[in-house]
Amino acid sequence: MIMSRIEARRDEDTVAAGPLVDRLLGGLPPEAVLTDPDVTASYANDMASFCPAGSPAVVVLPRTVEQVQHVMRTATELRVPVVPQGARTGLSGAANATDGCVVLSLTRMDAILEISPVDRIAVVEPGVVNAALSRAVGEHGLYYPPDPSSWETCTIGGNIGTASGGLCCVKYGVTAEYVLGLDVVLADGRLMSTGRRTAKGVAGYDLTRLFVGSEGSLGVVVRAVLALRPKPPGQLVLAAEFASSAAACDAVCRIMAGGHVPSLLELMDRTTVKAVNGMARMGLPESTEALLLAAFDTTDPAADLAAVGALCEAAGATQVVPAEDAAESELLLQARRMSLVALEAVKGTTMIDDVCVPRSRLGELIEGVERISEKYRLTIGVVAHAGDGNTHPTVCFDAADPEESRRARESFDEIMALGLELGGTITGEHGVGVLKKEWLAREIGPVGLEMQQAVKQVFDPLGILNPGKLF
C-alpha cells in the first residue's frame, strides 16, 4: 500500500525533476544539489551484489539540520521518495537509490561536536567517519569500540542505520549498545530527539533503539550521542592452526565456556587461508584447515593467551603461536584483515553473507557451507567473528557468467536457510536492505512483519523514506 501511493504519484507525472530541484534550491546552496546524471549515477548503490538500484532524480548534500528538514518537507509535499546515505560501504543494498528519488547524502555533516571524558560520551554528526571518531576520542584516553571492517571509510550514520558490528564485538558489543540518544528528522521535516546523554535513563519507550538498524526507513539521523569507554591497553594476539573446522569451533566453545573474555576471536576456514596465501604469500601452512585468532587487551594478556592456547591444544590445535608484542600481533591480524579482498580475487566478484548462529552450532554451519559449496560447484570461503557466532560465508563467482551467477545466488539463499535451521538469524551486522528482505519475513513471521509494517506506517505514513527496503 505504501509503495502504491508513491507509484500512483509517479504515474500521474506530478513530480518533474525541474520543479523538484527548484524547490530544493529554495533551501539549499547550489553546490549542495547535484543533477548531472553521470554524477548522480555514482550515488545509485552501495557495495552489495544482486541488489537492483534505480536512477536518482537528484542528489543533495546538506551541511545543517535545517537543510535536512527542508529536504524532507519538500519531499513530503511533492510525495518524492528519499534515500538516506552514508559512505555506501554497506553490503545489503540498504542505500540503493530508487527511480526518481532524492538521494540524501549526509557525508558533509561530519563534525565531532563534543567529547566529554567525564560523561564518557561523544556527540557527532552522521557523516563522521568511524576511524576519525576513534582517533579523536583516543586523544582523550577514551575508546569507541564498534569497528566495522570498513571503519576507515564508513560513517557513524551508516553504522547506526545498519546496526553494524566489527571485530571487537565479542567483548565490547555492537553499535546499538553505544547509541545513547539521537536527533532525527522525520519524514515530514519535524525534528525529534530521543534518548539521553546520561549513564542511565528509562523514560518512555526506547525509540533510540528503534532507529538503530532501521536503515533510514523511519527517519534521518542528524546527530548522535555515543557512549565511550576508557581506552584499553594494547592487545596481544594468538594464532592457532587446526586440522579441521570442527576442531577450531570446539576450541571456540571451550574458550567461551571457560569464562574467557577475548577482545577478538576470529576464524578463517581453509578456503580463506588458501586465498590469503595466494594473494599475499603469508606463509600459512597449506595443511591448515582452519585458523583461529584470539586477542586480549587485559592487564596481563600473555597469561590470558597462555590459558586460551592450552584450550586450543586440548581441542586439537596442530600449532599455537602467541605474539610477543604489538608488532607481532599486527602481523598475525593482517591475514584476517585481507580475507575478503583475497576471496574477491579468486573470481572477481563476491557475495558476502552475514549469518549469525548460536556459538554452540558454529561448527554445523561451517560444515553445512562446505556441503553447499560442493553442491553448487563454487568456491565459498568462511570468515567468522567466531566469538559471536557471526559468520561471513563469501561466495566467489564470475559475474559475467549467468549460470555461475545463478548458482551463486541460490547458494547464498541456501546458506541463509541453513542459518535459520540452526536457530540463527539472517543478518548479524550487515542489515536487510534489498538483499534479504524476503528472508526477513521468513525469520520474524507474519505477525512480526505486520507489527514492523505498522511501526513504519506511524513514522512514515506516505512511505517516502527508503521505500523497498526491509520489507
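Residue numbers count from 1 along this sequence.
Here the closest non-hydrogen pair linking Leu378 and Ser411 is CD1-OG, 3.8 Å.
We find that Asp401 and Arg407 are not joined by a salt bridge, their nearest charged nitrogen and carboxylate oxygen being 4.0 Å or further apart. A salt bridge between Glu364 and Arg361 is present, with a side-chain N of the basic residue lying under 4.0 Å from a carboxylate O of the acidic one. Electrostatic pairing of Glu404 and Arg377 does not count as a salt bridge here, judged by no charged N lying under 4.0 Å from a carboxylate O. Of the charged side-chain nitrogens involved, none lies within less than 4.0 Å of a carboxylate oxygen, so that Glu215 and Lys469 do not count as a salt-bridged pair. Using a 4.0 Å cut-off between charged side-chain N and carboxylate O, Arg270 and Glu370 make a salt bridge.
Geometrically, Arg88 engages Tyr43 in a cation-pi contact defined by less than 6.0 Å to the ring centre and at most 45° from the axis. Geometric assessment of Arg337 against the ring of Trp151 yields a negative cation-pi assignment under the 6.0 Å and 45° thresholds.
Two residues are said to be in side-chain contact when any heavy atoms from C-beta on lie closer than 4.5 Å; Met279 and Glu344 fail this criterion. Taking 4.5 Å as the limit, some side-chain heavy atom of Leu292 sits within range of a side-chain heavy atom of Phe242. Residues Cys249 and Leu267 form a side-chain contact, since some pair of their non-hydrogen atoms from C-beta on lies under 4.5 Å apart. Put simply, the side chain of Val71 reaches to within 4.5 Å of the side chain of Val102, judged on heavy atoms. You'll find the side chain of Leu333 reaches within 4.5 Å of the side chain of Gln235, heavy atoms only. Between Leu91 and Asp354 there is no side-chain heavy-atom pair separated by less than 4.5 Å.
Thr394 pairs in a side-chain contact (heavy atoms from CB on, under 4.5 Å) with only one of the listed residues (Thr379, Leu343, Thr272, Val382), which is Leu343.
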